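The structure appears right after this line, and notes come after that.
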Amino acid sequence: MSTYDRIYDIVRQIPPGQVATYGQIAELANLFGKARLVGYALYQVAPEDTDIPWHRVINAKGEISQSPHRNGSDAWQRSLLEQEGVQFGPDHKINLRDYRWQPDRSVMDA
DNA sequence: TGCTTGACTTTAC
DNA sequence: AGTAAAGCCAAGC
């Protein structure tokens with residue numbers, strides 16, 4: 001069981017129409033403070049890999065993280081999210097308050 | 001083997 | 001509010 005396996009395991013559990021931040025994934029995978037590894041792990045996942053919903057992982061700002069090496073897979077990511085009903089704000093940001101994934105919401109209030 | 005880089009986050013000016 | 005720096009760990013060279 002490698003570190004990345006734990007990350008992928010968490011990412012696989014993100015339900016459609018919801019998103020999670022890198023830091024959140026790291027925390028759930030018992031890797032608090034190691035958010036970079038999450039991004040690095042996802043970097044190794046091929047965009048066409050449908051086994052892992054990599055597109056549901058975004059940064060803490062609610063935006064799709066970009067990198068010189070992505071070259072368009074970021075646009076693809078946005079497309080996939082919109083397809084699942086995730087709406088982007090005027091500045092191309094996702095409202096985490098509404099779409100953030102709540103893994104274990106035992107205390108359901110209101 | 002050792003140094004640099006990176007799909008990040010948080011805290012501090 | 002936008003910018004800067006530090007912490008983290010695996011991969012590539």
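Everything numeric in this text was worked out from a predicted model, so none of it was measured. Note on naming: letters A, B, ... go to the chains in the order of the sequence lines (proteins, then strands), and numbering restarts at 1 for each one.
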I'd like to know whether A:Phe88 forms a side chain to side chain contact (heavy atoms under 4.5 Å, CB included) with A:Ile64, so could you lay out the CA-CA distance, the side-chain angles of the two residues, the decisive distance to 0.1 Å, and finally the verdict. CA-CA 10 Å; A:Phe88 285 73; A:Ile64 296 173; 4.1 Å; yes
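Using a distance-only test at 3.5 Å, with no hydrogens or angles considered, a donor-acceptor pair links the side chain of A:Asp5 to the main chain of A:Ser2.
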Could you pull out all donor-acceptor pairs under 3.5 Å where a side-chain atom in residues 6-23 of chain A meets a protein atom, sequence neighbours excluded?
residue: A:Arg6; atom: NE; partner: A:Ala29; partner atom: O; Å: 3.3
residue: A:Tyr8; atom: OH; partner: A:Ala41; partner atom: O; Å: 2.8
residue: A:Arg12; atom: NH1; partner: A:Asp51; partner atom: OD2; Å: 2.9
residue: A:Gln13; atom: NE2; partner: A:Asp9; partner atom: O; Å: 3.2
residue: A:Thr21; atom: OG1; partner: A:Gln24; partner atom: N; Å: 3.1

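Residue pairs that meet the side chain to side chain donor-acceptor pair (under 3.5 Å) test with at least one member in residues 30-39 of chain A, sequence neighbours left out, do not exist here. Every pair passing side chain to side chain donor-acceptor pair (under 3.5 Å) that includes a residue from residues 74-89 of chain A is listed here, sequence neighbours excluded: A:His55-A:Glu84, A:Arg56-A:Glu84, A:Arg70-A:Gln77, A:Arg78-A:Glu82, A:Arg78-A:His92.
Between atom CG of residue A:Leu81 and atom OH of residue A:Tyr99 there is a gap of 10.0 Å, rounded to the nearest 0.5 Å. To the nearest 0.5 angstrom, A:Gln66 atom CD is 10.5 Å from A:Asn71 atom CG.
Residues meeting the side-chain contact (heavy atoms from CB on, under 4.5 Å) test with A:Lys93, sequence neighbours left out: A:Glu63, A:Asp91. With sequence neighbours left out, A:Thr50 forms a side-chain contact (heavy atoms from CB on, under 4.5 Å) with no residue at all.
Remark: nothing in residues 7-21 of chain A comes within less than 4.0 Å of DNA chain C through any heavy atom. Within a heavy-atom distance below 4.0 Å of DNA chain B, the residues of residues 24-45 of chain A found are A:Ala35, A:Arg36, A:Gly39, A:Leu42, A:Tyr43. Using a 4.0 Å cut-off on heavy atoms, the residues of residues 70-78 of chain A that approach DNA chain B are A:Arg70, A:Gln77, listed by number.
Criterion: ILVMFWY side-chain heavy atoms under 4.5 Å apart, direct or through other members. Under it, A:Leu42 and A:Ile58 are not part of a common hydrophobic cluster. A continuous path of Ile, Leu, Val, Met, Phe, Trp and Tyr side chains, each step under 4.5 Å between heavy atoms, connects A:Leu28 with A:Val38, placing both in one hydrophobic cluster. Connection of A:Leu96 to A:Trp54 is not established within any shared hydrophobic cluster, with ILVMFWY side chains joined at heavy-atom distances below 4.5 Å, either directly or through further cluster members.
Stretches of at least 3 consecutive Watson-Crick or G-U wobble pairs, with each checked distance under 3.5 Å, appear in DNA chain C as B:2-6 with C:9-13, B:8-13 with C:2-7.
First and last contacting nucleotides of DNA chain C toward chain A (any atom under 4.0 angstrom from a heavy atom, 5' to 3' order): C:dG7 to C:dA11.
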N/O contacts under 3.5 Å, protein versus nucleotides 1-3 of chain B?
none

Could I get a table of every N or O pair under 3.5 Å where one atom is in the protein and the other is in nucleotides 10-13 of chain B?
none

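Rounded to a whole Å, the NE2 atom of A:His69 is 11 Å from the P atom of B:dT5.
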